[in-house]
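Here the structure comes first, spelled out in structure tokens, and everything after it is commentary.
Owing to the predicted nature of the structure, the values given are computational and were not obtained by experimental measurement.
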Amino acid sequence: MNFTAKDVADLRAKTNAGMMDCKKALVESDGDFEKAIVWLREKGIAAAAKKQSRIASEGVVSAYIHMGGKIGVLVEINCETDFVAKTDAFQQIGHDIALQIAAASPKYVRTEDVPAEELEKEKEILKNQALNEGKPAQIIDKMVEGRVKKFYQDVCLMEQSFVKDPNLTIEQYINEKILQIGEKITIRRYARFEMGEGLEKRNDNLADEVQKQISGN
């Protein structure tokens with residue numbers, strides 16, 4: 001597995017796929033650039049990424065209210081045409097993403113939305129954790145890199161596992177829908193409200209409640 005950060009950047013420039021997808025493609029292809037392009041195409045990632053340069057100004061604002069009114073979510077999902085925005089398939093995407101936000105409570109849509117100062121603070125905490133665990137200095141940076149990925153999975157919507165299918169991330173779910181619908185799809189913004197948030201209250205696991213409701217449907 002011989003490739004550099006420049007190889008990842010070059011693959012991204014060639015395919016428009018995300019950095020993490022490009023890195024994984026090179027890992028799976030043992031650093032072979034052309035095989036990595038094929039891998040991305042086979043996974044549908046490159047095809048979906050090409051559509052990201054298009055303009056998506058239509059779409060829907062979807063709402064999800066958790067049973068009993070404990071959690072409410074509004075999310076704006078964009079596509080390219082009003083025709084697609086009105087289809088049941090696109091409406092379902094909006095519902096699924098709103099449900100995901102209700103269950104998993106992400107702080108940001110994408111990794112690039114995480115403020116630099118917050119990321120640096122998190123890296124410092126993770127580094128100190130590794131040091132306190134007595135890990136060898138030469139592997140700490142690698143450990144921090146792995147734990148930052150877990151941090152992104154916790155706080156970034158696109159990196160989270162889809163509550164309806166944990167084998168997919170939300171990014172993979174969206175890419176699948178792009179290929180099915182044939183238009184660019186983006187999650188622009190959202191607002192999540194939790195009853196009594198910030199007030200002293202008993203400790204209910206609302207994410208588990210949402211998951212139970214999904215399982216019951």
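- Side chain of Arg192 to main chain of Ile101: a donor-acceptor pair is present (N/O by atom type, distance under 3.5 Å, no hydrogens or angles).
- Separation of atoms CZ (Arg110) and CD1 (Ile170) is listed at 12.0 Å; rounding is to 0.5 Å.
- In this structure, Cys22 and Leu11 approach most closely via the heavy-atom pair O-CD2, 3.5 Å.
- Residues Gln129 and Arg147 meet the side-chain proximity criterion, which asks for heavy atoms closer than 4.5 Å.
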Show, in sequence, the C-alpha distance, side-chain angles and deciding distance for Gln160 and Gln100, and conclude whether the side chain to side chain contact (heavy atoms under 4.5 Å, CB included) test is met.
CA-CA 9 Å; Gln160 291 179 339; Gln100 174 76 26; 3.1 Å; yes
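- Residues Val27 and Ile37 share a hydrophobic cluster, clusters being chains of Ile/Leu/Val/Met/Phe/Trp/Tyr side chains in contact below 4.5 Å.
- No donor-acceptor distance shorter than 3.5 angstrom exists from the side chain of Asn78 to the backbone of Gly59, with no hydrogens or angles considered.
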Please step through side chain to side chain contact (heavy atoms under 4.5 Å, CB included) for the pair Ile187 and Leu157, ending with a clear verdict.
CA-CA 9 Å; Ile187 303 169; Leu157 175 62; 3.8 Å; yes
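- At a threshold of 4.5 Å between non-hydrogen side-chain atoms, the residues Met158 and Val109 count as touching.
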Distance-only donor-acceptor hits, side chain of residues 84-95, under 3.5 Å, sequence neighbours excluded:
from, atom 1, to, atom 2, distance (Å)
Lys86, NZ, Asp82, OD2, 3.0
Thr87, OG1, Val84, O, 2.7
Thr87, OG1, Phe90, N, 3.3
Gln91, NE2, Ala85, O, 2.9
Gln92, NE2, Asp96, OD1, 2.9

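- When atom types are taken as modelled, the side chain of Glu80 and the backbone of Lys184 share a donor-acceptor pair closer than 3.5 angstrom.
- The distance from atom CZ of Arg189 to atom CG of Asp113, rounded to the nearest 0.5 Å, is 13.5 Å.
- Side-chain N or O atoms of Asp32 include none that pairs as donor or acceptor with a backbone N or O of Ser29 at under 3.5 Å.
- Side-chain N or O atoms of Asp7 include none that pairs as donor or acceptor with a backbone N or O of Phe3 at under 3.5 Å.
- Although no hydrogens or angles enter the test, the distance criterion places no donor-acceptor pair under 3.5 Å between the side chain of Glu159 and the main chain of Cys156.
- Connection of Leu74 to Val163 is not established within any shared hydrophobic cluster, with ILVMFWY side chains joined at heavy-atom distances below 4.5 Å, either directly or through further cluster members.
- Using modelled atom types, one finds a donor on one side chain and an acceptor on the other under 3.5 Å when comparing Thr81 with Glu183.
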Show, in sequence, the C-alpha distance, side-chain angles and deciding distance for Lys149 and Gln153, and conclude whether the side chain to side chain contact (heavy atoms under 4.5 Å, CB included) test is met.
CA-CA 6 Å; Lys149 184 177 180 180; Gln153 290 169 346; 3.9 Å; yes
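- Interatomic distance, CH2 of Trp39 versus CD of Glu28, reported as 5.5 Å (0.5 Å rounding).
- Summarising the geometry, atom OG belonging to Ser62 is positioned 9.5 Å from atom CD1 belonging to Ile97; distances are rounded to the nearest 0.5 Å.
- Exactly one residue among Lys123, Lys23, Lys127 makes a salt bridge (charged side-chain N to carboxylate O under 4.0 Å, His left out) with Glu145. That residue is Lys23.
- The residues Glu171 and Lys24 are annotated as not salt-bridged, no charged nitrogen and carboxylate oxygen being separated by less than 4.0 angstrom.
- By the neighbour-count criterion of 12 heavy atoms within 6.0 Å, atom CZ of Phe83 is sparsely surrounded, having that number or fewer from other residues, nucleotides or ligands.
- In terms of heavy atoms, Val144 sits closest to Leu126 at CG2-C, 4.1 Å.
- Scanning for ring-ring contact (aromatic ring centres under 6.0 Å, His included) contacts around Phe162 gives Tyr173, with sequence neighbours left out.
- Annotation: the span from Lys150 atom NZ to Glu122 atom CD amounts to 10.5 Å, rounded to 0.5 Å.
- Remark: the Glu118 side chain and the Tyr108 side chain contain an N/O donor-acceptor pair separated by less than 3.5 Å.
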message: What verdict does the side chain to side chain contact (heavy atoms under 4.5 Å, CB included) test give for Ile181 and Cys79, after you've listed the backbone C-alpha separation in whole Å, the side-chain angles of each residue and the deciding distance to 0.1 Å?
response: CA-CA 10 Å; Ile181 290 175; Cys79 58; over 6 Å; no
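- How far CG of Leu168 is from CD of Glu176: 5.0 Å, rounded to the nearest 0.5 Å.
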